[in-house]
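Here's the structure, in structure tokens; my notes come after.
Just so it is clear: chains get the letters A, B, ... in the order the sequence lines come, proteins before strands, and each one is counted from 1.
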Amino acid sequence: MTLASQLLTWYYENARDLPWRQNNDAYKVWVSEIMLQQTRVEAVKNYYTRWMERFPTLDTLARSSEQEVLTYWQGLGYYSRARNLLLGVREVCARYDGKVPDNAAEILRLPGVGEYTAGAIASIAYNRPVPAVDGNVLRIFSRLFCIEDDITKQGTKRKIHGLIQNCMPKEQPGNFNQALMDLGSAICIPGHPRCSLCPLTKYCEAYAREVQDVLPVRPPRKQPLHVTLASGIVKNGESLLVRQRPSTGLLAKMWEFPSIELEKNSAPSAMLPALIKADLAQEIVLGQKLFHCIHTFSHRKWDITFFDCRWLDGGALPPFARWLPISEITSLPWAGPHLKAAAALFK
DNA sequence: AAACCGGGGAT
DNA sequence: ATCCCAGGTTT
């Protein structure tokens with residue numbers, strides 16, 4: 001009995017029933033793999049189903065607008081994933097006649113596709129025997145071979161990639177890779193793995209040495225930078241003043257209420273009207289606080305307060321801003337904290 | 001190699 | 001309060 005056959009036997013009995021496992025269509029595998037990057041299965045399920053109802057084929061997606069695509073990604077995070085996926089399917093239409101290339105090397109060249117995703121698509125959709133090294137796989141193999149190197153280092157990933165090539169079956173490479181995901185999700189979990197349920201304990205060096213709880217090794221994360229912001233809710237009739245964020249950087253191209261980062265100890269009372277006047281050519285008077293929230297990103301923590309603003313007068317808006325009817329709030333892709341405020345204030 | 005890029009569920 | 005998730009791109 002090999003490690004692979006042991007794992008596959010376990011998988012036949014324990015594979016999760018997931019929406020993107022109904023077939024191995026390359027477009028569907030692609031979408032699911034991009035959505036799943038740094039994102040939990042439970043969070044992806046509903047997004048994936050809604051996505052496939054709206055963009056059922058690669059061609060449908062390729063002909064859709066970036067703004068609509070971002071709206072369907074709203075809330076999933078890492079929005080460059082959606083923009084790159086759109087660029088990717090358009091490239092497949094232009095260069096590959098609308099058919100996803102059937103090998104990892106060509107898939108790897110598509111925007112938003114790295115080593116892991118190329119391996120996942122090639123193995124699951126096209127039965128190519130290539131590894132797909134994600135966080136689950138790094139964790140499982142660091143334990144199987146008792147690897148104490150920092151798993152975030154490139155060299156460690158290369159080492160594990162090589163180990164997988166040695167135990168990867170020629171048949172069912174897609175099931176093998178997906179079995180590792182399910183094992184990592186249900187059994188070989190971070191912290192205290194459920195070794196009593198694991199089909200691979202007889203191959204596991206960490207289990208033999210009883211060090212599974214301290215593997216894998218990775219450096220501690222840096223704490224997010226704290227930023228204070230003020231934002232203005234400007235209402236003109238039944239419309240709200242909104243603007244689109246720049247095309248690069250945090251929450252690129254997402255929409256928000258006009259806002260500014262505050263210097264330490266500065267009052268928003270003067271800053272916010274001045275900003276709205278300078279950037280958006282609107283005259284407002286600052287009112288009371290309407291909503292406050294703290295929103296933590298991976299590398300930044302926003303402390304943002306939304307102020308009621310009385311609209312007095314104004315000229316034409318710049319192209320990146322508009323008056324948005326309250327009834328159309330959900331038709332735009334929003335910066336997360338601003339959607340929280342909109343939902344609380346205009347429900 | 002290190003920094004950037006979101007959001008939330010589990011512990 | 002901390003961890004970390006079916007990672008990729010940019011600097």
Side-chain angles (χ1 to χ4, degrees), chain A residues 15-16 18-21 28-48 70 73-85 87-88 107-125 131-140 150-157 174-186 188-194 213 216-225 245-254 256 293-302 333-340:
Chain A
R16 288 172 290 183
L18 301 171
W20 47 92
R21 286 181 176 173
K28 296 182 178 178
V29 175
W30 186 1
V31 171
S32 71
E33 290 301 339
I34 301 298
M35 284 188 173
L36 286 159
Q37 288 171 5
Q38 296 294 288
T39 309
R40 296 176 186 282
V41 165
E42 284 309 313
V44 168
K45 282 181 178 174
N46 290 338
Y47 281 91
Y48 176 85
L70 284 173
W73 207 272
Q74 158 77 56
L76 256 188
Y78 288 137
Y79 298 94
S80 66
R81 293 185 293 173
R83 294 195 301 273
N84 284 331
L85 176 57
L87 291 175
I107 297 170
L108 180 59
R109 297 194 200 109
L110 297 168
V113 175
E115 197 80 32
Y116 162 75
T117 305
I121 296 172
S123 64
I124 297 170
V133 184
D134 73 330
N136 288 302
V137 172
L138 289 171
R139 185 169 60 252
I140 292 168
D150 179 350
I151 60 162
T152 66
K153 296 296 184 185
Q154 199 54 44
T156 312
K157 291 179 183 173
N175 281 343
F176 177 77
N177 285 337
Q178 293 185 92
L180 288 171
M181 312 299 170
D182 284 18
L183 188 76
S185 168
C188 198
I189 57 178
H192 308 292
R194 299 167 177 144
D213 286 9
V217 173
R218 75 160 83 212
R221 284 176 168 71
K222 290 172 57 180
Q223 62 181 39
L225 182 68
R245 295 175 61 84
S247 57
T248 60
L250 185 63
L251 298 165
K253 297 184 182 178
M254 308 299 276
E256 65 181 6
C293 69
I294 293 185
H295 190 90
T296 304
F297 305 95
S298 52
H299 61 300
R300 194 157 293 240
K301 178 182 273 193
W302 277 8
W334 283 87
H338 294 258
L339 185 60
K340 281 187 196 171

Touch class at under 4.0 angstrom, heavy-atom based, for Ser298(A) against every strand present: base
Touch class at under 4.0 angstrom, heavy-atom based, for Pro220(A) against every strand present: nothing
Distance-only donor-acceptor check, side chains Gln178(A) and Arg21(A), under 3.5 Å: yes
Sugar-phosphate, base or nothing in reach of Gly249(A), heavy atoms under 4.0 Å: sugar-phosphate
Value in whole Å for how far the C1' atom of dG8(B) lies from CG of Leu339(A): 15 Å
N or O in side chain of Ser32(A) less than 4.0 angstrom from dA6(C) OP1/OP2: no
Base dC4(C) paired with Arg40(A) side chain (donor-acceptor, <3.5 Å): yes
Base dG6(B) to side chain Thr296(A), donor-acceptor N/O within 3.5 Å cut-off: no
Presence of Arg139(A) side-chain N/O under 4.0 Å of dC5(C) phosphate oxygens OP1/OP2: yes
Sugar-phosphate, base or nothing in reach of Ile124(A), heavy atoms under 4.0 Å: nothing
Interatomic distance where CD belongs to Glu115(A) and P belongs to dG8(C) [whole Å]: 8 Å
Integer angstrom distance from the C1' of dA3(B) to that of dA6(C): 23 Å
Contact nearer the 5' end of DNA chain C, comparing Val41(A) with Asn84(A): Val41(A)
5' precedence on DNA chain B between Lys222(A) and Phe297(A) (nearest-nucleotide basis): Lys222(A)
Rounded distance in Å - CD1 (Ile140(A)) to P (dA6(C)): 10 Å
Short side-chain to backbone donor-acceptor contact, Arg245(A) and Glu256(A), under 3.5 Å: no
Thr39(A) side-chain N/O to Gln37(A) backbone N/O, donor-acceptor pair under 3.5 Å: yes
For atom CD of Gln223(A) and atom P of dT2(C), their distance in whole Å: 8 Å
Side chain to side chain contact (heavy atoms under 4.5 Å, CB included) between Lys301(A) and Gln223(A), worked out: CA-CA 9 Å; Lys301(A) 178 182 273 193; Gln223(A) 62 181 39; over 6 Å; no
dA2(B) OP1/OP2 closer than 4.0 Å to side-chain N/O of Lys153(A): yes
Distance test, side-chain N/O of Arg221(A) to OP1/OP2 of dC4(C), below 4.0 Å: yes
Gap between atoms CD1 and C1', on Ile34(A) and dC5(B) respectively (whole Å): 14 Å
Distance test, side-chain N/O of His299(A) to OP1/OP2 of dA3(B), below 4.0 Å: no
From CG (Leu110(A)) to CH2 (Trp30(A)), nearest 0.5 Å: 4.5 Å
Sugar-phosphate only, base, or nothing, as touched by Trp20(A) at under 4.0 Å among non-hydrogen atoms: base
OP1 or OP2 of dG7(C) under 4.0 Å from side-chain N/O of Gln38(A): yes
Rounded distance (Å) that lies between atom C1' of dA6(C) and atom CD of Gln37(A): 8 Å
Side chains of Leu138(A) and Arg218(A) in contact at under 4.5 Å (non-hydrogen atoms): no
Touch class at under 4.0 angstrom, heavy-atom based, for Gly135(A) against every strand present: sugar-phosphate
Spacing of the C1' atoms in dC4(C) and dC5(B) (rounded, Å): 15 Å
First encountered from the 5' end of DNA chain B, between Gln74(A) and Gln154(A): Gln154(A)
Separation of atom NZ in Lys301(A) from atom P in dG8(B), rounded to whole Å: 15 Å
Distance, rounded to the nearest Å, where Leu76(A) contributes CG and dA6(C) contributes C1': 13 Å
dG7(B) OP1/OP2 closer than 4.0 Å to side-chain N/O of Tyr79(A): yes
P gap between dT11(C) and dG6(B), integer Å: 15 Å
Pair Tyr116(A)-Glu33(A), side-chain donor/acceptor within less than 3.5 Å: yes
